[in-house]
2 protein chains.
Amino acid sequence: MLVASSTEWEVARDDFVAQWGALGSHWGINRTMAQIHALLMTAPEPMYTDEIMEKLQISRGNANTNLRELVGWGLIQIIHRKGERKEYFQAEKDIWKMVITIAKERKRREIVPALEVLKSCAERTQSESKGPGREFHEQMKELQEFVEFGIKVADTISSMKHASALHWAMKLLG
Amino acid sequence: MLVASSTEWEVARDDFVAQWGALGSHWGINRTMAQIHALLMTAPEPMYTDEIMEKLQISRGNANTNLRELVGWGLIQIIHRKGERKEYFQAEKDIWKMVITIAKERKRREIVPALEVLKSCAERTQSESKGPGREFHEQMKELQEFVEFGIKVADTISSMKHASALHWAMKLLG
DNA sequence: ATCATTTTTCAGATAGTTCTGAAAAGTGGG
DNA sequence: CCCACTTTTCAGAACTATCTGAAAAATGAT
């Protein structure tokens, strides 16, 4: 999966890349995409496609697709170097920004559509006045409100600077 | 996938089950497991294996495996009725408890192991004094601290009653 | 405009995951 | 200690997601 690394830190890095890939796949993120992300996060310099293919031992198509996907998520950006045709890629290294980016994307792609279904389920069972139908309606309503509240909290935290968020969290921890 | 439902609320429920299944599969949770969970969440009464098989049109083996898995996650419990051999299943309906249960399990299964790798990566590169090796070390250290802090926050929130968490969140929202 | 280089695309191959179904194991009442 | 009923297991089948690689398209320097 990875080509051999020479220096000590690169060996540790290979572990990190593997773990990040495994973590991703437990959270519905393509393993390769997560590995490329881990690789770029820990890259001293921006990398280009062939370097990534070589390091992770993956095909050009695979590398290209997942790089585009990462760009689509806003987790990496394309760098153009003067006098070079090739595209280089570099990852956002700030953890706080990274987490917020991921949260925003998942909200947009998965939470909001799910919320729409909850709303529709609640709405369509408005008129149920008793029994299981009513209980279902109330459960959907409750879920809907829970998710909407969660979104508000997440949005508020996302809009904070890392330091303010930390401050808030510290107060919480007492 | 689902057998036809008669009443209006049951039609909405089928949508909910399907959506919950889709959501699960985007978050690394087996679609069937999520569907069974959704089904039980919205069941007026505890259900037994054959009812679930029938409703979701799945095999006995599949139903059994995923029911065990849900029990393992602590999301559903087994009910024994006097004078009956069969096992009935019922889901926790309290959303707050449900979310905390899921968070705890994911922490145990995925976050803690990932944290161990981060620690190991940081430790093994302690001695790097400059250059890319040092940068890598610092990045791992930072990630490690971020995750540890996140765990603390999550643990604190998890230990709160729903009402206190709500109160805290309201203050945050200002 | 040409052309070498780089990126994109996508049909088919592969790998990984989930499901089925039937046999085996387990269980409690009598 | 049977036996009818229930649960569990797991080899092979089916399905889904991901990957490959080569051809096509795009690009920018000259």
Side-chain angles (χ1 to χ4, degrees), chain A residues 1-3 17-18 20-39 46-73 76-90 109-110, chain B residues 1-3 17-18 20-39 46-73 76-90 109-110:
Chain A
M1 181 189 280
L2 291 172
V3 297
V17 168
W20 204 249
L23 193 62
S25 72
H26 279 138
W27 287 79
I29 287 158
N30 176 323
R31 181 184 251 84
T32 302
M33 177 172 150
Q35 287 180 340
I36 296 179
H37 184 224
L39 193 64
M47 296 175 79
Y48 55 91
T49 306
D50 290 72
E51 287 180 302
I52 295 165
M53 287 164 60
E54 163 71 8
K55 182 74 179 163
L56 298 178
Q57 292 288 292
I58 59 176
S59 73
R60 185 171 304 284
N62 193 10
N64 183 264
T65 304
N66 285 296
L67 282 165
R68 292 308 131 193
E69 190 74 1
L70 282 165
V71 170
W73 276 70
I76 65 174
Q77 59 175 148
I78 298 171
I79 300 285
H80 283 287
R81 289 189 168 168
K82 50 274 150 205
E84 284 212 57
R85 280 274 291 291
K86 275 203 290 291
E87 290 181 328
Y88 285 76
F89 300 93
Q90 100 186 335
R109 294 166 189 237
E110 294 140 24
Chain B
M1 183 189 281
L2 289 172
V3 298
V17 168
W20 204 248
L23 193 62
S25 70
H26 277 140
W27 287 80
I29 285 156
N30 175 323
R31 181 183 253 77
T32 303
M33 177 171 149
Q35 286 180 340
I36 295 178
H37 185 225
L39 192 64
M47 297 175 78
Y48 55 91
T49 305
D50 291 72
E51 287 181 302
I52 295 165
M53 286 165 60
E54 164 71 6
K55 183 73 180 163
L56 298 178
Q57 293 289 290
I58 58 176
S59 72
R60 186 172 303 284
N62 193 10
N64 182 264
T65 304
N66 284 297
L67 282 164
R68 293 308 132 192
E69 190 75 0
L70 283 165
V71 170
W73 276 70
I76 66 174
Q77 60 176 146
I78 298 171
I79 301 284
H80 284 285
R81 289 190 168 167
K82 49 274 149 206
E84 284 212 57
R85 283 275 288 290
K86 274 203 289 293
E87 292 181 327
Y88 285 76
F89 299 93
Q90 102 185 335
R109 294 167 189 236
E110 293 140 24

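Every chain is numbered from 1, with letters handed out A, B, ... down the list of sequences. Since we're looking at a predicted model, the values are computed, not measured.
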Expressed as a whole number of angstroms, how long is the span from [X]:[atom1] to [N]:[atom2]?
{"X": "A/Ile52", "N": "C/dT6", "atom1": "CD1", "atom2": "P", "result": "15 Å"}
{"X": "B/Glu84", "N": "C/dG29", "atom1": "CD", "atom2": "P", "result": "12 Å"}
{"X": "A/Leu56", "N": "D/dC19", "atom1": "CG", "atom2": "P", "result": "11 Å"}
{"X": "A/Ile78", "N": "D/dT27", "atom1": "CD1", "atom2": "P", "result": "12 Å"}
{"X": "A/Arg60", "N": "D/dA25", "atom1": "CZ", "atom2": "C1'", "result": "15 Å"}
{"X": "A/Tyr48", "N": "C/dT6", "atom1": "OH", "atom2": "P", "result": "9 Å"}
{"X": "B/Lys82", "N": "C/dG29", "atom1": "NZ", "atom2": "P", "result": "14 Å"}
{"X": "A/Lys86", "N": "D/dA26", "atom1": "NZ", "atom2": "C1'", "result": "17 Å"}

Any donor-acceptor pair under 3.5 Å joining the side chain of A/Arg85 to the base of C/dT6?
no
Drop me the distance from [X]'s [atom1] to [Y]'s [atom2], to the nearest 0.5 angstrom.
{"X": "A/Leu70", "Y": "A/Met33", "atom1": "CG", "atom2": "CE", "value": "4.5 Å"}
{"X": "A/Thr49", "Y": "A/Glu54", "atom1": "OG1", "atom2": "CD", "value": "13.5 Å"}
{"X": "B/Ile58", "Y": "B/Ile52", "atom1": "CD1", "atom2": "CD1", "value": "7.5 Å"}

Using a 4.0 Å heavy-atom cut-off, does A/Arg68 contact any base of the nucleic acid, only the sugar-phosphate backbone, or nothing at all?
sugar-phosphate
Check every strand shown and say whether B/Asn66 touches a base, only sugar-phosphate, or nothing at a heavy-atom separation below 4.0 Å.
sugar-phosphate
Tell me whether the side-chain N/O atoms of A/Asn62 come closer than 4.0 Å to OP1 or OP2 in D/dT18.
no
Contact under 4.0 Å: B/Thr32 side-chain N or O vs C/dC19 OP1/OP2:
yes
Does the side chain of [X] reach to within under 4.5 Å of the side chain of [Y], using non-hydrogen atoms?
{"X": "B/Arg109", "Y": "B/Trp73", "answer": "yes"}
{"X": "A/Lys55", "Y": "A/Glu51", "answer": "no"}
{"X": "B/Tyr48", "Y": "B/Phe89", "answer": "no"}
{"X": "B/Leu39", "Y": "B/Trp20", "answer": "no"}
{"X": "B/Leu56", "Y": "B/Val17", "answer": "yes"}

Output yes when a side-chain donor or acceptor of A/Asn64 lies under 3.5 Å from a complementary backbone atom of A/Arg60, and no otherwise.
no
For the side chain of B/Asn64, counting heavy atoms from C-beta on, which of D/dC19, D/dT9, C/dT20 is nearest?
D/dT9
Bending between helix ends of the helix from C/dA1-D/dT30 to C/dG30-D/dC1 [5 pairs per end, 10° resolution]
30°
Would A/Tyr88 and A/Ile78 count as a side chain to side chain contact (heavy atoms under 4.5 Å, CB included) here? Give the steps.
CA-CA 6 Å; A/Tyr88 285 76; A/Ile78 298 171; over 6 Å; no
Under a 4.0 Å heavy-atom cut-off, which of residues 20-30 of chain B touch DNA chain C?
B/Asn30
Of A/Gly83 and A/Gly61, whose nearest nucleotide on DNA chain D comes first from the 5' end?
A/Gly61
